[in-house]
Amino acid sequence: MKGWLVVNGYLQTEKFDEIYRWLESAAKKQNIVLERVTNDWLDATVPIHKKKMSWKEKPEFVLFWDKDVKLAQMLEQEGLRVLNCAKAVEICDDKALTFLKLKNTEIKMPKTFMAPMTFEKEYKNYNFLERIAEDIGYPMIIKENKGSFGAQVYLIKNYYEGLEKIKEIGHCDFIMQEFVESSKGRDVRIYVVGNQVVTAMERHNRNDFRANITNGGTMSPYEPTKAQKEMAIHVCQELELDFAGVDILFGEKEEPVLCEVNSNAHFKNVFDCTGVNVADCIMEYIKKKIQQ
């Protein structure tokens, strides 16, 4: 069996390269030849003016470990089997789209508002912030729609902080959410593969409202509750994800509240924490799925 591991050609860091090597090693255990291919090479190889290419060696699947959604769509149009699918990657990479997709389901999320679209470089008025604050109050959370490792998530304590932050990021799409005080500096990362929870960890941060390890948080092995497992699996089913990292907050009564979903969540930390190699789980799942 042969597959492509599609990665971003412009993320050349040891942190990302380590993830790719783990996936390649896991593939080898399953007798899968997994060839690493960069998005910049593919974008310059697959023409968009033809209906389909004549592939000399067509991979049996594409493990899409990037967020270049248009490329994923193009590969699907070429008849390639892409995991995760382009639509799932697109939705997970945009927090507003994630909210919209799950809005009318039973999945509990923080009360969320999307920033209005403007054609200017910055808003001419900020009346929307006042109206939203009347509903969700302060502190509130502002999240840029596209962001990773908690770096584009901000705790806003009052109107003036909100005003300054929106002016700072106004060129970016963002959402505004109620702050789940009961989960301050604490959440659960659940890894789902093939509609099965394979491992989980609880993350803590005493010095930051975000629990991310990148922001100085610590981690510990965690056995999710039945409700947390059901939420994580339900989320993946709704978003048509083959695998994902699902971040869940703790509500006032410890009930699960969805924070966000990662279509290609890093798994080095959870291995260090629990000893479970998510890369092995992903490649075992892909092999079974392709052979069906």
Side-chain angles (χ1 to χ4, degrees), residues 1-13 15-94 97-98 101 146 148 191-196 198 236-246 261-268 277-292:
M1 185 181 296
K2 181 177 180 180
W4 282 352
L5 171 62
V6 174
V7 305
N8 194 283
Y10 304 97
L11 284 176
Q12 298 181 3
T13 67
K15 183 175 183 177
F16 282 90
D17 191 59
E18 182 179 37
I19 293 293
Y20 308 153
R21 293 197 305 269
W22 278 42
L23 289 166
E24 290 163 344
S25 177
K28 190 173 182 180
K29 295 176 188 176
Q30 300 297 323
N31 294 316
I32 297 173
V33 177
L34 190 63
E35 180 183 357
R36 194 185 308 187
V37 183
T38 60
N39 68 320
D40 55 334
W41 182 85
L42 276 174
D43 276 327
T45 302
V46 184
I48 61 173
H49 63 277
K50 292 182 179 179
K51 290 185 178 180
K52 278 194 177 183
M53 285 185 68
S54 298
W55 297 91
K56 292 182 179 179
E57 285 190 55
K58 187 175 180 179
E60 293 173 75
F61 69 91
V62 174
L63 176 53
F64 201 82
W65 211 266
D66 192 19
K67 296 181 179 181
D68 191 339
V69 174
K70 293 181 178 64
L71 174 59
Q73 292 171 339
M74 185 165 61
L75 294 174
E76 288 177 344
Q77 290 180 0
E78 287 290 314
L80 298 177
R81 195 166 186 176
V82 180
L83 303 96
N84 282 302
C85 69
K87 191 63 179 178
V89 173
E90 179 182 25
I91 291 173
C92 290
D93 190 38
D94 187 308
L97 291 180
T98 304
K101 180 66 175 178
K146 296 179 182 293
S148 301
Y191 288 82
V192 178
V193 179
N195 290 324
Q196 299 289 326
V198 297
C236 290
Q237 290 172 337
E238 289 286 343
L239 301 185
E240 300 180 38
L241 286 156
D242 291 285
F243 48 85
V246 182
V261 191
N262 303 272
S263 62
N264 51 357
H266 285 210
F267 41 75
K268 173 64 163 58
N277 188 333
V278 177
D280 284 340
C281 299
I282 290 173
M283 296 314 305
E284 289 172 10
Y285 164 77
I286 288 176
K287 184 174 183 179
K288 290 179 182 177
K289 189 176 179 71
I290 300 303
Q291 289 179 338
Q292 288 177 354

Given side chains that start at C-beta, do those of [X] and [Y] come closer than 4.5 Å, heavy atoms only?
X: Phe243; Y: Asn84; result: yes
X: Asp93; Y: Ser263; result: no
X: Val193; Y: Gln196; result: no
X: Leu23; Y: Phe267; result: yes
X: Arg21; Y: Arg36; result: yes
X: Leu83; Y: Lys289; result: yes
X: His266; Y: Lys15; result: yes
X: Glu78; Y: Lys58; result: no

### Message
Show, in sequence, the C-alpha distance, side-chain angles and deciding distance for Tyr191 and Asn262, and conclude whether the side-chain contact (heavy atoms from CB on, under 4.5 Å) test is met.
### Response
CA-CA 9 Å; Tyr191 288 82; Asn262 303 272; over 6 Å; no

#### Entry: Expected output: side-chain Glu76 to main-chain Ala86 donor-acceptor under 3.5 Å
yes

Inspect the surroundings of [atom1] in [X] and state if more than 12 heavy atoms from other residues, nucleotides or ligands are less than 6.0 Å away.
X: Glu18; atom1: CD; answer: yes
X: Lys2; atom1: NZ; answer: yes
X: Lys87; atom1: NZ; answer: no

With rounding to the nearest 0.5 angstrom, report the [atom1] to [atom2] distance, [X] to [Y].
X: Asn264; Y: Phe64; atom1: CG; atom2: CZ; value: 9.0 Å
X: Thr98; Y: Glu238; atom1: OG1; atom2: CD; value: 12.5 Å
X: Met283; Y: Met1; atom1: CE; atom2: CE; value: 8.5 Å
X: Asp68; Y: Leu42; atom1: CG; atom2: CG; value: 9.0 Å

### Message
side-chain contact (heavy atoms from CB on, under 4.5 Å) for Gln30 and Glu284? Distances and angles first, verdict last.
### Response
CA-CA 7 Å; Gln30 300 297 323; Glu284 289 172 10; 3.1 Å; yes

### Message
Using the rule given for side-chain contact (heavy atoms from CB on, under 4.5 Å), can you reason through Cys92 versus Leu239, listing the C-alpha separation, both sets of side-chain angles and the distance that settles it, and then say yes or no?
### Response
CA-CA 8 Å; Cys92 290; Leu239 301 185; 4.0 Å; yes

### Message
Applying side-chain contact (heavy atoms from CB on, under 4.5 Å) to Ile282 and Trp65, what does each step give before you reach the verdict?
### Response
CA-CA 12 Å; Ile282 290 173; Trp65 211 266; 4.1 Å; yes

